[in-house]
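To start, the structure under review is shown below, and the notes come after it.
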Number of protein chains: 2
Amino acid sequence: MTKRAFKDKVYGELSKITKAMGNPHRLEIIDLLGQGPFSVEQIANHTGMPVANASQHLQVLKSAKLVSIARDGNFILYSLAGENVFNAWAALRALGMVYNAEVEKVVSDFRKGYGPIESIDAETLIDLLEKNKIILLDVRPAEEYNRGHIHRALCAPIAELSSILQTLPKSKTVIAYCRGPFCVFADEAVSLLKKKGYKAQRLSEGFPDWAAKGYPIATK
Amino acid sequence: MTKRAFKDKVYGELSKITKAMGNPHRLEIIDLLGQGPFSVEQIANHTGMPVANASQHLQVLKSAKLVSIARDGNFILYSLAGENVFNAWAALRALGMVYNAEVEKVVSDFRKGYGPIESIDAETLIDLLEKNKIILLDVRPAEEYNRGHIHRALCAPIAELSSILQTLPKSKTVIAYCRGPFCVFADEAVSLLKKKGYKAQRLSEGFPDWAAKGYPIATK
DNA sequence: CATCTATTCAATAATTTTGTTGAATAGTTA
DNA sequence: TAACTATTCAACAAAATTATTGAATAGATG
């Protein structure tokens, strides 16, 4: 085998993975599966695709070995094949945020619809947690909270925040976080909290990013 | 703008980057540019493409803002836009090596053509350097060596290794490194060194990977 | 400023990818 | 074991991507 044939083969194999990631729907699927296992129907619902199309994209990801499956009754649960898949996606997302100004612009413009939302980064959150100056809310669905959440976060799914927030003292700032930088659960939460007179901000990243950094987490 | 429209837009923008990386030729170009700036003609030569096709692929990478250009007389020199582009590529390459067994197999089979080549990883090299037990050879072209090399490596371009190796003492093991895991300069070097009676191994990774880890480097 | 070199562009054909639709299938359920 | 649910498959059309070829262009050169 010539050197040229060897390189063509190697880069050809690797492009199977990058091609699999080269579609917006599949990127959204990877981002979603970063939160845990989901069925085809759930994935279709979250991503706004017909089930057949969602399944087609999942077959592409499966063929590239980026996802794995498990059975749960009639449901097939799809998961990322490993944390390294999420980490690679996070690296690509960060790349996109640096080099594609349109990404930041789209996110920023959309967030303006929730009023002025301030973000803090993970390191700032660590500091605030140490100083015991804040209340930390995980506004993802309870199922995702139970699977894993930031240490000392309270479970406050966005759908239930209206009734939960009465129990929160106003003397502390509230920090909300959700699935990631493109998830707006935390924006909605901050908007609502501010409307009710709380000082509130969101964490810029999501739980999987925090966990990937090895920062303190808990389950259940 | 609805949440759905927002997500479609954001993932659509990000897929511009992943699409750009979704082609084997462009992956090879990114890998090559990890070694420093190259002209279109050089890139075409290294990757076995006609100049027009290489240029077409470079326009795709440029449009995704993954590469930048600089003029040098009549030549246009292409470079990666930043180290984070190489790091994202390295994460994807690592992903490919974990999930696509064919990649390892192709590399391993091809290397067998150079005889039994042993590899060591970066951490082992650090240890051996500290113990002063080895001679470290950078077998990339001198131009790349001058731009940056592993601290204490000698410049021994593969094309000149035949004449350089006479000056090497046989009492020490020789470690050769080159551009990366898919570059075979180091394999060729180890093969030749062994033929001439030296104990020799290659570093599994390349200079850009070593540098990305923050390990000691030098220039000139 | 004419000439040259390296590079890019435009047009075209072939290939690949994507979404849709309806049918088929793989397991589960009772 | 029949019926059901979730999922996948196959076929098709449309869109996107890629390689090739020859022409055009952007700067550099002397």
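Computed from a predicted model, the values in this text were never measured in an experiment.
Residues that satisfy the ring pair (Phe, Tyr, Trp, His ring centres under 6.0 Å) test with B:H151, not counting sequence neighbours, are absent from this structure. Qualifying ring pair (Phe, Tyr, Trp, His ring centres under 6.0 Å) partners for B:F110, counting only residues two or more places apart in sequence or in other chains: A:F6, B:Y114. When the side chain to side chain donor-acceptor pair (under 3.5 Å) test is applied to B:E118, the partners found at least two apart in sequence or on another chain are B:Q201. Partners of B:D72 under the side chain to side chain donor-acceptor pair (under 3.5 Å) rule, at least two apart in sequence or in another chain, do not exist in this structure. For A:D209, the side chain to side chain donor-acceptor pair (under 3.5 Å) partners are A:R93, not counting sequence neighbours.
Contact check on B:K16 versus B:E13 returns a salt bridge, with a Lys/Arg side-chain nitrogen under 4.0 Å from an Asp/Glu carboxylate oxygen.
Between A:F38 and A:H46, a ring centre-to-centre spacing shorter than 6.0 Å is recorded.
The stretch residues 177-193 of chain B participates, sequence neighbours left out, in these salt bridge (Lys or Arg N to Asp or Glu O under 4.0 Å) pairs: A:K3-B:E188, B:R111-B:D187, B:E144-B:R179, B:D187-B:R202. For residues 53-69 of chain A, there are no salt bridge (Lys or Arg N to Asp or Glu O under 4.0 Å) pairs, not counting sequence neighbours. Listed by first and then second residue, the side chain to side chain donor-acceptor pair (under 3.5 Å) pairs that reach into residues 25-44 of chain A are A:R26-A:H57, A:E28-B:R4, A:D31-A:W89, A:D31-B:Y11, A:S39-A:Q42, sequence neighbours excluded.
The stretch residues 16-44 of chain A touches DNA chain C through A:K19, A:N23, A:H25, A:R26, each having a heavy atom within less than 4.0 Å of the strand.
Over its full length, the helix from C:dC1-D:dG30 to C:dA30-D:dT1 turns its helical axis through 40°, comparing axes from the five pairs at each end and rounding to 10°.
Look at A:Y78 and you won't find any side-chain N or O under 4.0 angstrom from OP1 or OP2 of D:dA6.
Here C:dT18 is the nucleotide among C:dT18, D:dA19, C:dT8 with the atom lying nearest to any side-chain atom of A:H57.
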Note to self: Within the 4.0 Å limit for protein heavy atoms, which parts of nucleotides 10-15 of chain D are touched? Write it as a string from 5' to 3', B for base, S for sugar-phosphate only, - for none.
What the structure shows: ------
Anything under 3.5 Å between a protein N or O and an N or O of nucleotides 24-28 of chain C, put it in a table, one pair a line.
residue	atom	partner	partner atom	Å
C:dG27	O4'	A:R71	NH2	3.1
C:dG27	N2	A:N74	OD1	3.4
C:dT28	O4'	A:N74	OD1	3.0

